[in-house]
Amino acid sequence: MMLFPRTLEELAGQRGTPRAGGTDLQDRRRLGLSTGPIVDLRDLTGLDAITWNPDGSVAIGARTTIAQLAADDQLKARYPGFAAAAGGLATPQIREVATLGGNLLQQVRCWYYRHPNLRCLRSGGTSCLAREGDHLFHACFDQGPCAAPHPSTMAAALLAYDATVELRDGQRLTAAELVGNGSDPTQSHSLQPGQLLTRVHLPPAVPGELGAYLRATNRTRAEWPLVEAVVRVRLAGGSFEQVAIALGGVANTPLRIQALEAALAGQPATLKVIDDRSKVAVNGAKPLPGTGYKLDLIPGVIASALVLALKQQPGDKPAGGAL
Amino acid sequence: MTVKPTRRGLLKGTLGGTLTAALTGCRSEQARGELSQLTAPGEKIVDAIPVDVTVNRTATQIAAGPDTTALEAVRNQLGLTGTKLACGHGACGACTIQVDGKPVASCLLPATSLHRRRVTTVEGLATDLRGLHPVQRAFIGEDAMQCGYCTPGFVVEAAAFFDAWRAEHGKQPPSREVIADALSGHLCRCGAYTQIYAAIARACEGAYDNAGERGPRYDAREKVTGQAKYTVDVQLPNMVYGAIGRAHVAHATIRRIDWSRALKHPGVYAAVDLTMGVRTIRFAGQELVAIAAESEAIARHALTLVDYDLDVYTPIIGIEAGRTAKDHVYTSRATRKQAPNANEAPLLPLKWRGNLRGPFQLFSKSRGKARRAVTEAKDSGDAKRLAGGQFSTQTQCHSTLEPHACVADWRDDLLVVHLSTQGVHQAAEDIAKRFDLPAERVQVLAQHVGGGFGGKAVLSLELVAAVELSRQLGRPVRVVLDRHEELATGGNRPAQEIDLALAADTEGKFTGVQVKSFADAGVAVGSAPSILFRIMYAKTPKKLEDWDVVTHAAPGKPLRAPGGPPAFWALEQAVDELAHARSEDPIALRRRNDPNPARKELYTWAESLPLWRDRATSIAADSGRYRRGVGLAVGGWFYFVQPSARVQVDTTPGGFVVSTACQDIGNGSKSVLAQAVANVFGIDPGMVAIRVGDSKLVPGPMSAGSRTATTIGPAATQAAENLREELLEIAEAQLGYRGAQAIPGGLRHSAGETSWGEVLARAPRLTTIGRRKRDRKGYVFGIGGLAAGRYVSGSLQVSEVEVDTRLGTVRVLQSQVGLGVGKIFTPVLARSQATGGVIQGISYALYEERRLDPNTGAVLTGNLEDYRIAGLGDVGTIDIHFMQKGFENVTGGGVGLAELVKLAPAAALGNAVFHATGYRPRHLPLRPDRVLKGLRT
Ligand SMILES: Cc1cc2nc3c(=O)[nH]c(=O)nc-3n(C[C@H](O)[C@H](O)[C@H](O)COP(=O)(O)OP(=O)(O)OC[C@H]3O[C@@H](n4cnc5c(N)ncnc54)[C@H](O)[C@@H]3O)c2cc1C
Ligand code: FES
Ligand code: FES
């Protein structure tokens with residue numbers, strides 16, 4: 001069965017799985033991982049706009065496409081790491097239809113979870129097959145029980161940008177609340193069935209803030225990240241004043257790396273400092289037997305992302321030797 | 001049904017499942033009741049809503065159920081089969097369509113979302129006003145395709161990119177980076193990227209704004225417009241859909257398979273047993289039953305209703321487990337005979353020890369001498385005299401973009417089989433044998449084939465399923481593998497572990513090579529890379545041992561250059577290692593030990609390359625994060641011809657018609673034929689019509705073993721030359737052209753000149769059949785209609801890489817490839833085959849890897865996200881240099897190159913990584929985790 005609500009009011013009484021771009025949902029329906037009626041958001045109006053508030057904050061409708069986010073000049077100027085994250089994920093043909101809401105609420109890409117004939121913790125089985133089996137691309141901050149990395153690049157961006165999400169009933173969740181703590185192996189987010197994500201709110205950008213997004217992959221493009229980082233930086237007099245760093249691909253939720261943020265704050269923005277301090281990011285990591293290599297990647301990805309961010313500042317290039 | 005055992009042999013008659021010999025009866029059943037009529041082909045849409053959409057400028061309506069994809073709607077409901085399904089999950093771009101001008105992946109797009117939108121498919125890119133889109137013309141002109149299966153997707157995306165680029169940048173050409181970004185959602189398995197870059201850049205520059213619609217590839221226009229019909233596109237009246245039920249576990253015995261629940265499901269018509277009496281499951285994905293139903297969805301659903309009563313055991317996964325396990329994959333002499341052949345050569349009897357089969361030592365040469373040389377070099381303690389160690393390579397899947405596909409139509413008088421195959425003629429013979437039919441009652445058709453690479457050379461079970469079901473139902477039955485099935489069972493290059501020692505004397509003369517190699521071809525046996533060690537550095541004594549280690553995994557198959565990439569990965573790195581240990585130029589060392597004349601010339605050529613000449617003299621010369629290095633490796637390959645093959649040339653009043661029962665799998669057979677005949681008559685190849693892909697034509701060769709061009713080129717030439725003589729006689733005797741002599745394009749005679757077109761219009765219809773003449777000095781051997789030539793071709797590749805020491809990536813910046821293969825028949829196509837092979841080699845070295853769950857044996861990389869194939873941005877620039885001398889004794893003057901080009905890439909990259917970093921990689925693929933680990937130690 002399919003429903004096509006035109007307004008949020010109409011939608012309120014309808015039961016079924018929301019469908020936005022369908023790029024994640026259809027794959028899971030094909031595999032039998034999602035069944036039942038569909039609430040197709042095709043005709044729903046009012047959720048595909050980027051609306052700026054007088055205080056400089058912005059509300060982004062859940063149905064805004066990833067391509068729209070990546071191409072929006074204002075977003076690029078004020079939240080460069082956020083826009084770059086959108087432009088860096090998946091492929092052009094996916095970004096064109098994938099929505100911000102769907103991206104945040106997609107399920108993991110684990111090769112056990114999406115296997116046509118295996119059942120794991122997420123799909124009605126009794127154990128995490130990756131943990132016991134082949135987990136080359138899985139978590140290195142093992143938060144248990146599921147070892148698959150959180151799939152959403154935009155969730156990492158939300159975390160770095162201190163964003164909140166709004167639900168249909170007006171409820172607000174922080175990005176951290178949205179992704180949860182990874183303890184529920186059946187969900188990649190904390191929304192209950194029937195809840196609809198309507199908007200994402202980003203607080204006003206800090207004047208002069210820089211930002212970047214970077215991922216480590218095997219091929220050059222169109223590949224799920226081994227490790228990805230969204231960074232925000234504000235400099236004052238050549239030193240880091242504020243830093244925000246979120247990592248994806250490393251745990252079953254995106255992670256803010258507060259220890260490193262603190263370690264950089266107040267330090268001169270040089271390559272040497274970045275290089276030395278980035279190692280802090282792996283403190284507390286718990287790799288699986290096959291994911292130790294990600295601990296080598298993490299400092300590299302963060303350091304490169306920070307350098308990328310600093311390069312946006314004309315004339316304020318980091319000094320101190322190549323990374 | 002009685003099935004005759006077929007002998008496993010040279011790309012012949014092998015059945016690609018687990019079973020080959022002693023097959024018994026085949027149980028089958030048909031559902032009772034009326035066959036209901038189909039709504040849309042392949043689909044009965046439940047719960048559908050109407051969707052208004054404008055497709056290719058025409059307003060229309062489609063029916064969209066909850067899970068109907070836009071792809072299914074355009075293909076099945078609107079019959080627009082140009083848009084292709086390859087991966088089904090957004091990773092490959094074959095299904096790309098434009099919605100309101102924006103390219104999207106239609107395989108994931110709900111059809112509901114097309115409501116009130118404007119869709120353009122590949123069929124709609126051309127307009128009455130402008131004809132083909134400039135990008136389509138550029139793809140034709142630059143030959144930016146091989147099999148063409150990915151082409152519609154690329155063209156639809158590139159056309160949108162072109163329109164946007166032109167609007168913003170005018171005729172400024174986009175950079176490679178920009179093109180790679182824009183087309184990052186597309187994969188081409190044939191590796192046509194070099195030409196795709198060129199096509200897009202040149203189109204943007206305006207080079208094709210007013211160009212024609214003809215190019216070097218005979219069927220390019222069909223491919224860029226979506227008109228080319230592949231087996232997956234075949235729709236026959238009354239057709240039903242089959243699907244294959246497979247083992248979900250890798251090791252079990254079958255107590256009972258009960259499909260009665262499935263058969264009762266509405267819309268299910270019939271079921272057949274595919275176990276053929278074998279009661280053991282030996283790999284996940286093994287074929288067990290097939291079900292036919294009114295739609296593919298129903299057939300696949302019905303498979304979930306089949307009850308399997310199995311005793312499940314722990315599987316043996318991987319070489320190490322195979323060597324050490326107490327359990328055995330084959331437990332008796334009789335069951336060992338069921339092991340399929342992973343190779344092209346016939347299996348010789350060898351000893352089995354548990355899961356080990358071997359050693360196969362036939363290709364050794366002065367074994368004792370080789371062993372003594374290695375021992376002596378070891379004992380000398382002189383690092384300059386010994387190189388090598390343990391190397392390993394991964395399992396690589398063929399993963400053609402068009403999956404294995406078959407539409408079988410069993411009629412009273414004729415069994416017509418549409419088949420995605422590398423050999424229509426061979427397939428027809430094999431089918432006749434298998435189903436006990438007279439040869440004339442079987443016809444195999446393959447108009448276009450979306451890639452093969454060795455994976456479609458033998459009959460496999462989707463064919464058996466389709467034919468059996470069709471026989472029962474008296475209706476055409478279509479069976480097409482999905483991507484998971486394709487990657488799980490469609491064929492693979494076995495994983496290999498190679499222990500290699502290369503010994504030399506103090507002067508740098510090789511004194512011995514000792515190799516022990518273990519292959520994991522799953523349940524198959526016979527992988528034998530040793531022959532390649534034998535043909536290289538041919539004078540050096542060699543002690544060569546091949547071992548099979550059988551495991552519970554899908555059978556390996558020959559994959560373009562079977563055994564080659566693993567063997568050269570080990571050998572050519574060892575040679576490089578020795579050169580560095582001796583502080584000697586790697587070319588100097590090779591030249592001293594390499595008697596092959598084709599490569600001698602290539603060494604001289606390579607020395608003249610600035611890329612090689614000007615490389616850093618020391619190892620790890622760069623000290624920063626990004627380190628560049630240059631590596632060189634060489635290769636050598638055999639050539640084959642199929643003397644039994646024929647090419648027929650007919651004249652009609654309108655032109656020449658060339659026909660042979662071969663097929664074009666992207667290798668360009670059609671273009672080779674057209675070119676050969678055109679050359680003889682000095683006419684435009686456009687005057688030559690080609691008919692292939694039909695087993696009823698005169699017997700043609702398989703497209704495998706690099707034999708196609710070297711077989712059909714000379715055969716077509718011979719036919720055309722004979723025809724020309726006949727035409728001259730007729731012109732003189734019947735048409736009144738006095739003193740007629742052939743000149744390019746026609747005749748010269750006493751009254752002037754007349755074109756062949758005019759001659760044909762007046763001449764009676766003629767038919768000639770040409771064959772490939774024997775090589776002047778004969779062949780090394782001939783078996784099963786295949787002859788191995790006397791000469792070994794040579795290749796040399798120099799590649800430059802950049803290693804990111806921080807993130808562990810290896811990027812290929814450029815490759816220079818020299819090929820000594822003699823005369824080139826169709827230069828543009830040969831170049832495209834060569835760059836494609838190099839690209840596949842890069843993809844293999846850096847990314848591709850089938851991974852199995854170590855506990856269950858399930859294939860984890862059953863999709864094109866997890867099974868990584870190189871994309872546009874991964875391959876660097878590639879230049880091909882042909883050395884067109886040295887094969888004068890070969891009929892036609894040239895040998896094949898399809899396999900040769902796949903040998904050197906991995907080792908060239910390995911050697912370049914060493915040059916860049918000092919880290920000598922030994923295991924493929926060169927994943928970031930491996931590179932980081934290697935750099936640390
Ligand atoms: C080849 C490939 C590579 C990819 N690489 C990346 C990558 O690198 N990084 C990344 O982040 N993603 C990646 N993706 C995933 C892709 O970004 C997601 O599939 C997409 O963002 C999902 O958006 P959608 O609108 O299509 O969601 P849908 O498929 O429509 O929905 C996804 C889920 O969210 C729910 N949902 C959607 N909207 C709402 C809403 N408003 N309220 C409540 N629930 C809702 C649906 O019910 C469903 O469960 C990749 C995908 C592919 C195919
Ligand atoms: S078939 Fe749609 S992206 Fe591969
Ligand atoms: S031409 Fe691209 S897949 Fe064959």
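- Among the candidates B:Gly65, B:Ala105, B:Pro928, B:Pro66, the residue making the largest number of heavy-atom pairs closer than 4.5 Å to chain A is B:Pro66.
- For B:Gln98, no part sits under 4.5 Å from any heavy atom of chain A, backbone or side chain.
- Contact of A:Leu295 with chain B is not made at all, since no heavy-atom distance falls under 4.5 Å.
- Contacts between A:Leu118 and chain B at a heavy-atom distance below 4.5 Å involve the side chain alone, from C-beta outward.
- One distance of note links CG of B:Asp874 with OG1 of A:Thr220; it measures 3.5 Å at 0.5 Å rounding.
- With a threshold of 4.5 angstrom between heavy atoms, B:Arg936 approaches chain A through side-chain atoms but not through N, CA, C or O.
- Considering only heavy atoms from C-beta on, A:Asp296 stays 4.5 Å or farther from B:Lys933 through its side chain.
- With a 4.5 Å cut-off on side-chain heavy atoms, B:Pro110 and A:Gln26 count as touching.
- Nearest approach of A:Trp111 to B:Thr861, heavy atoms of both residues: CZ3-CG2, 3.9 Å.
- Of the two parts of B:Ala64, only the backbone, made up of N, CA, C and O, holds a non-hydrogen atom closer than 4.5 Å to a non-hydrogen atom of chain A.
- Note on A:Ala216, A:Ala222, A:Pro116: by heavy-atom pairs under 4.5 Å with chain B, the leading option is A:Pro116.
- Under the 4.5 Å side-chain criterion, counting only non-hydrogen atoms from C-beta, A:Met2 is in contact with B:Ile49.
- Contacts between B:Ala182 and chain A at a heavy-atom distance below 4.5 Å involve the backbone alone (N, CA, C, O).
- Between chain B and the options A:Trp224, A:Tyr112, A:Tyr293, heavy-atom pairs under 4.5 Å are most frequent for A:Tyr112.
- When side chains are defined from C-beta on, A:His115 counts as touching B:His484, because their heavy atoms get closer than 4.5 Å.
- For B:Leu807, the parts sitting under 4.5 Å from any heavy atom of chain A are the backbone and the side chain alike.
- In terms of heavy-atom pairs under 4.5 angstrom with chain B, the leader among A:Asn218, A:Asp24, A:Leu226 is A:Asn218.
- When heavy atoms are compared at a cutoff of 4.5 Å, A:Pro299 approaches chain B by way of both its backbone and its side chain.
- Taken from OG in A:Ser304 to CG in B:Asp804, the straight-line distance is 7.0 Å, to the nearest 0.5 Å.
- The pair B:Asp181-A:Arg221 meets the salt-bridge criterion, with a side-chain N (NZ, NE, NH1 or NH2) lying under 4.0 Å from an Asp/Glu carboxylate O.
- B:Ser184 touches chain A through backbone and side chain together, each having a heavy atom under 4.5 Å away.
- Going from atom CZ of B:Arg851 over to atom CZ of A:Phe137 covers 6.5 Å, rounded to the nearest 0.5 Å.
- Nearest heavy atoms, B:Asp853 versus A:Gly133: OD1-CA, 3.8 Å.
- Atoms OG1 and CZ, from B:Thr112 and A:Arg42 in turn, are 5.5 Å apart once rounded to the nearest 0.5 Å.
- Annotation: maximal heavy-atom pairing with chain B below 4.5 Å, among A:Leu25, A:Leu129, A:Thr23, A:Asp43, occurs at A:Thr23.
- Using a 4.5 Å cut-off between heavy atoms, B:Leu187 touches chain A through its side chain atoms alone.
- A cation-pi arrangement is absent between A:Arg219 and B:Tyr867 under the rule of less than 6.0 angstrom and at most 45 degrees off the ring axis.
- If you tally non-hydrogen atom pairs under 4.5 Å between each of B:Pro103, B:Ala284, B:Pro925, B:Ser106 and chain A, the highest count goes to B:Pro103.
- Counting heavy atoms from C-beta on, the side chains of B:Arg927 and A:Leu136 come closer than 4.5 Å.
- Annotation: maximal heavy-atom pairing with chain B below 4.5 Å, among A:Arg114, A:Glu223, A:Arg30, occurs at A:Glu223.
- Contacts of A:Val301 with chain B are made by both backbone and side-chain atoms, with heavy-atom separations under 4.5 Å.
- Across B:Leu852, B:Leu926, B:Asp47, B:Val104, the residue that shares the most heavy-atom pairs under 4.5 angstrom with chain A is B:Val104.
- To the nearest 0.5 Å, the span separating CZ on A:Arg109 from CG on B:Asn863 amounts to 8.5 Å.
- In this structure, chain A has a heavy atom under 4.5 Å from the side chain of B:Thr96, while its backbone stays farther away.
- Contact annotation: the side chain of A:Pro92 approaches that of B:Glu157 to within less than 4.5 Å [non-hydrogen atoms, C-beta and beyond].
- Counting heavy-atom pairs closer than 4.5 Å to chain B, the top residue among A:Glu132, A:Arg95, A:Glu96 is A:Glu96.
- Contact annotation for B:Arg811: only side-chain heavy atoms (C-beta onward) come within less than 4.5 Å of a heavy atom of chain A.
- Side-chain contact between B:Arg806 and A:Asp275 is present, with at least one heavy-atom pair separated by less than 4.5 Å.
- When heavy atoms are compared at a cutoff of 4.5 Å, A:Arg19 approaches chain B solely by way of its side chain, counted from C-beta outward.
- Taking 4.5 Å as the limit, every side-chain heavy atom of A:Ile94 sits out of range of all side-chain heavy atoms of B:His89.
- A:Leu41 contributes atom CG, which lies 11.5 Å from atom OG of B:Ser113 (distance to the nearest 0.5 angstrom).
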